[in-house]
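What follows is a set of notes on a single structure, which appears directly below.
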Amino acid sequence: MVIQRWQSVLLLVATAVMACFTFCSLGQIQAPDYTFNFTTMGFFSEGMATDGASNVGIHTWYLFALSLTTSILLLIDIFLFKNFPLQMKVCLICIAFIIATGAAAYGVGVNGVEGCSVRWSTPALCPAIAVVAAVLAYWKMRKDQEKLRSYDRIR
């Protein structure tokens, strides 16, 4: 018997937040010639350069792949409720992936364009929100596991 109430909602929140992080703009970088839009797919110039040069971009597909994989794993974790120990393990893996995604995005944003700093936008906070939701979901799973064990002792 599996209770599975709030952890599904919390995992769904973490999935939605990480999907938002994957597909939204994380910030902007102002360089002397360009304004770069920073997403998980890379840095891409907005508009035309002031000197008429062609548009430039730096791809960060590894960050996009890591973020998308994390979102998909969180979604899969919702449907693992019939295999409770596996769901808890996948939740811990998801927490590690979320932390890695946030750290990688921060590292890429800070070191992406030399001599420029990032003006972060709101979706850059998504990994922090997703970590909190995933940790709370894991905590709820542990509580449900303890409750089920106590019911088994009564029988």
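Starting from 1, each residue takes its place in the sequence as its number.
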What heavy-atom pair brings [X] and [Y] nearest, and what distance separates the two atoms?
X: Val118; Y: Gly109; answer: CG2-O, 2.8 Å
X: Phe21; Y: Thr40; answer: O-CG2, 3.5 Å
X: Ile78; Y: Gln87; answer: O-NE2, 4.1 Å
X: Phe84; Y: Gln145; answer: CE2-CB, 3.3 Å
X: Thr22; Y: Ser71; answer: OG1-OG, 3.6 Å
X: Thr15; Y: Leu75; answer: OG1-N, 3.4 Å

Step-by-step side chain to side chain contact (heavy atoms under 4.5 Å, CB included) determination, Leu125 to Trp120
CA-CA 9 Å; Leu125 295 174; Trp120 297 98; over 6 Å; no
Output yes when a side-chain donor or acceptor of Ser121 lies under 3.5 Å from a complementary backbone atom of Ser25, and no otherwise.
yes
Give a yes or no answer on whether the side chain of Thr70 reaches the backbone of Leu66 with a donor-acceptor pair at less than 3.5 Å.
yes
Is any side-chain heavy atom of [Y] closer than 4.5 Å to one of [X]?
X: Phe44; Y: Phe38; result: no
X: His59; Y: Phe64; result: no
X: Pro85; Y: Asn83; result: yes

What about Ile72 and Leu10, same hydrophobic cluster or not, with Ile/Leu/Val/Met/Phe/Trp/Tyr joined at side-chain heavy-atom distances under 4.5 Å?
no
Exercise answer: donor-acceptor pairs, residues 132-140 side-chain atoms, under 3.5 Å, sequence neighbours excluded:
none

Measure the spacing between [atom1] of [X] and [atom2] of [Y] and express it to the nearest 0.5 Å.
X: Cys94; Y: Leu73; atom1: SG; atom2: CG; answer: 4.5 Å
X: Met141; Y: Lys89; atom1: CE; atom2: NZ; answer: 13.5 Å
X: Gln28; Y: Thr39; atom1: CD; atom2: OG1; answer: 11.5 Å
X: Asn37; Y: Thr35; atom1: CG; atom2: OG1; answer: 9.5 Å
X: Met18; Y: Ile129; atom1: CE; atom2: CD1; answer: 11.0 Å

Only one of Val17, Ile93, Val131 passes side chain to side chain contact (heavy atoms under 4.5 Å, CB included) with Ile98, and that residue is Val131
Candidates Leu12, Leu11, Val90, Thr69 - the one meeting side chain to side chain contact (heavy atoms under 4.5 Å, CB included) with Leu74
Leu11
